[in-house]
Number of protein chains: 2
Amino acid sequence: MDSKKFEKIFSALSSPLRLQITLLMAKRPLCVCELENIFDVSQPAISQNLKILKEANLIDERKEKQWTFFSTNKEILHSVFSEFFELLEKEDTFIEIAGLKISDLPYDPKKSCEILRKKKKL
Amino acid sequence: MDSKKFEKIFSALSSPLRLQITLLMAKRPLCVCELENIFDVSQPAISQNLKILKEANLIDERKEKQWTFFSTNKEILHSVFSEFFELLEKEDTFIEIAGLKISDLPYDPKKSCEILRKKKKL
DNA sequence: TAAGCATATTAGCATATGCTTATGAAGATT
DNA sequence: AATCTTCATAAGCATATGCTAATATGCTTA
């Protein structure tokens, strides 16, 4: 299961500044010079954080005259979160290290741990 | 706006290990000794990560005999993510540092930045 | 072509994070 | 009671993160 996408998005949204920026940019597009004044941080801090949001695929950008306007891509946010919930509800999960599915594990920790430890030794 | 809750949850889910643990525990309750064998990390690493998930309010725990079973609280996940999307769609947002709403900002960066800079100096 | 503005990038630094090993505490088992 | 087992906590360390100041890039306009 590839969860890099989720990690990137959750990580991008885990910083107070980036979360606020994301919420603001969901209302309307904003440029770096506006954001730098709205939040009291340096211009590079804004650019760096926008880069992280961009790499998480969370924002759109559009150049207009001398400015670059950034905005939150709410559609992607919605679709990724939907995917995440599908994964949460998916009936079974493969346990890579042990080469078995979670449904193969007995409910008794004594037995399940023994199975897992054996698998690990191989 | 209080966004600590969201930061905590996003941060909790931003680590590969915690994300995997969360997905597994969504399928069924698991104890520390099982998790420590499923993922190849030390027992304290599991406990510490469960603590972070617990502080984000993402897991339930239940003692049974000598074990403590942890499971993902999917209801809370759903409700918090819903709240997050409401916040995303909320029509207006207050810009604390400038003492104004985002809808008060003109669309022209030249004007908006000037307004913001003035507000900051006060 | 030069100057000015918006944004990106780099280097450097302080703090946060995430693991390990060692140890502690509480309940279960002998 | 003594020992195991399970889980939590603490200390220590390496790496990651997030800012600032300095600098570069690239576009716009005089």
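By convention in this document, chain letters (A, B, ...) are assigned in the order of the sequence lines, proteins followed by strands, and residues within each chain are numbered from 1. Only this structure's heavy atoms are used, side chains among them; waters, hydrogens and symmetry mates stay out.
- Screening L53(B), N73(B), I59(B), L17(B) for a side chain to side chain contact (heavy atoms under 4.5 Å, CB included) involving T22(B) leaves a single residue, L53(B).
- Note on F69(B): nothing from the nucleic acid sits closer than 4.0 angstrom, heavy atoms only.
- Following rounding to the nearest Å, W67(A) (CH2) and dA8(C) (C1') show an atom-to-atom distance of 18 Å.
- Atom pair Q66(B):CD and dT3(D):C1' shows a separation of 14 Å (rounding to whole Å applied).
- Between the R28(B) side chain and the L105(A) main chain, a donor and an acceptor come within less than 3.5 Å of each other.
- Smallest separation of non-hydrogen atoms from I102(B) and I95(B): CA-CD1, 3.8 Å.
- One interatomic measurement links the two molecules: NZ of K63(B) to P of dA26(C), which rounds to 10 Å at whole-angstrom precision.
- Nearest heavy atoms, V80(B) versus F6(B): O-CE2, 3.4 Å.
- Listed in residue order, the members of residues 35-50 of chain B having a heavy atom less than 4.0 Å from DNA chain D are Q43(B), P44(B), S47(B), Q48(B).
- Within the 4.0 Å cut-off from OP1 or OP2 of dT9(C), at least one side-chain nitrogen or oxygen of K51(A) is found.
- Following rounding to the nearest Å, E55(A) (CD) and dG18(D) (C1') show an atom-to-atom distance of 15 Å.
- Considering only side-chain atoms of T68(A), the nucleotide from dA28(C), dT7(C), dA8(D) that sits closest is dT7(C).
- E7(B) has its CD atom 17 Å from the P atom of dT17(D), to the nearest Å.
- What separates CD of E34(A) from P of dC5(C) is a distance of 17 Å, to the nearest Å.
- In this structure, E64(B) places its CD atom 12 Å from P of dA28(C), rounding to the nearest Å.
- At distances below 3.5 Å, at least one donor-acceptor pair connects side-chain atoms of E34(B) with backbone N or O atoms of C31(B).
- Here the shortest heavy-atom pairing between V32(A) and S47(A) reads CG1-OG, 4.1 Å.
- The nearest pair of heavy atoms linking K90(B) to K27(A) is O-CE, 2.6 Å.
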Pairs counted as Watson-Crick or G-U wobble with both distances under 3.5 Å: what dot-bracket string results for DNA chain D, using | for bases tied to another strand? ||||||||||||||||||||||||||||||
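- At whole-Å resolution of the value, NZ in K110(A) and P in dA28(C) are 12 Å apart.
- Note on ring orientation: taking the six-membered ring where Trp is involved, the planes of F81(B) and F85(A) are perpendicular (angle over 60°, cut-offs 30° and 60°).
- A donor-acceptor contact shorter than 3.5 Å links the side chain of R18(B) to the backbone of S11(B).
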